Amino acid sequence: MTRAFVAVRPPGRVLDAVAAWFDAPDLPGARFTTRDQWHVTLQFLGNRADVEAVAAALAPLAVEAGPVRLGGAGAFPTERRARVLWLGVAQGAERFARLAEAVGALLAPLGHEPEARPYHPHLTLARLRPPADVRPVLARLRAGPVGDAWTVREVVVYESHLRRTGARYEARARIPLPGRPPG
Ligand code: ATP
Ligand code: MG
């Protein structure tokens, strides 16, 4: 039984920028994610994923290269009763959407149904239980881009090990994206 998901892992310098930008706010009931956990999910695969089959199915993955950049904070499902506090995508959101769509199309034959909810690329910063009003927190978080733009060169299949102290994600497969054609 493998709990897994497909994600984009920002480069180290971007993770450093996120860490510098995000001052963990004083929020009762919040569990903050840590730098080693930060990622942008493309598709969640549930608890019974066949990681090898997923990696093989993703081999043809091809989305035109181009810059993406993190930026802008928000909350799910609403800012007033937030369960998830996140950092969004300031540039290249449509590139993430195309990646998620392509991953979904390649994995559908394996029985991984695409999500019903509209795709919203984000990096989870905190989970809140019970839900909390994060409007004051969001107002304090600087708007605008966080870190430099980068080019997504690969997607990662992570296995998620749920633990009481927070999930540990293990990179099980890396699927390179084709580079720019020569010339
Ligand atoms: P915990 O569940 O203990 O809070 P976690 O959410 O970090 O830890 P997972 O639940 O394994 O760990 O989630 C792994 C990734 O998949 C995260 O990015 C999470 O937001 C996403 N994810 C988890 N469940 C779903 C779901 N039902 N639909 C969409 N994405 C999901
Ligand atoms: Mg979870």
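Ligands are counted one by one from 1 in listed order, and the atoms in each one are counted from 1 as well. Small disclaimer: the values here were computed from a predicted structure and weren't measured. Computed over heavy atoms, backbone and side chain alike; hydrogens, waters and symmetry mates excluded.
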So, [X] side chain and [Y] main chain: donor-acceptor pair closer than 3.5 Å or not?
X    : Y    : result
R153 : P176 : no
T151 : A65  : no
E159 : T2   : no
R127 : R83  : no

Whether [X] lies under 4.0 Å from ligand 1, heavy atom:
X    : result
Q37  : no
Y158 : no
H39  : yes
R117 : yes

Determine, considering heavy atoms only, which of E159, R168, R163, R31 sits nearest to atom 4 (O) of ligand 1. R31
Out of F76, Y119, W38, F44, who gets a non-hydrogen atom closest to atom 16 (O) of ligand 1? F44
Hey, are D16 and R35 close enough for a salt bridge, meaning a charged N less than 4.0 Å from a carboxylate O? yes
How does L162 reach ligand 1, by side chain, by backbone, by both or by neither, if only non-hydrogen atoms under 4.0 Å count? side chain
If you take all heavy atoms of A90 and P145, which pair is closest and at what distance? CB-CA, 4.2 Å
A student checking ligand 1 against A167 at a 4.0 Å heavy-atom cut-off should list atoms 7 (O), 8 (O), 12 (O)
Could you tell me whether some N/O pair between R3 and ligand 1 is separated by less than 3.5 angstrom? yes
So, is R127 polar-close to ligand 1, with some N/O to N/O distance under 3.5 Å? yes
Are Y158 and F5 an aromatic pair, judged by ring center distance below 6.0 Å? yes
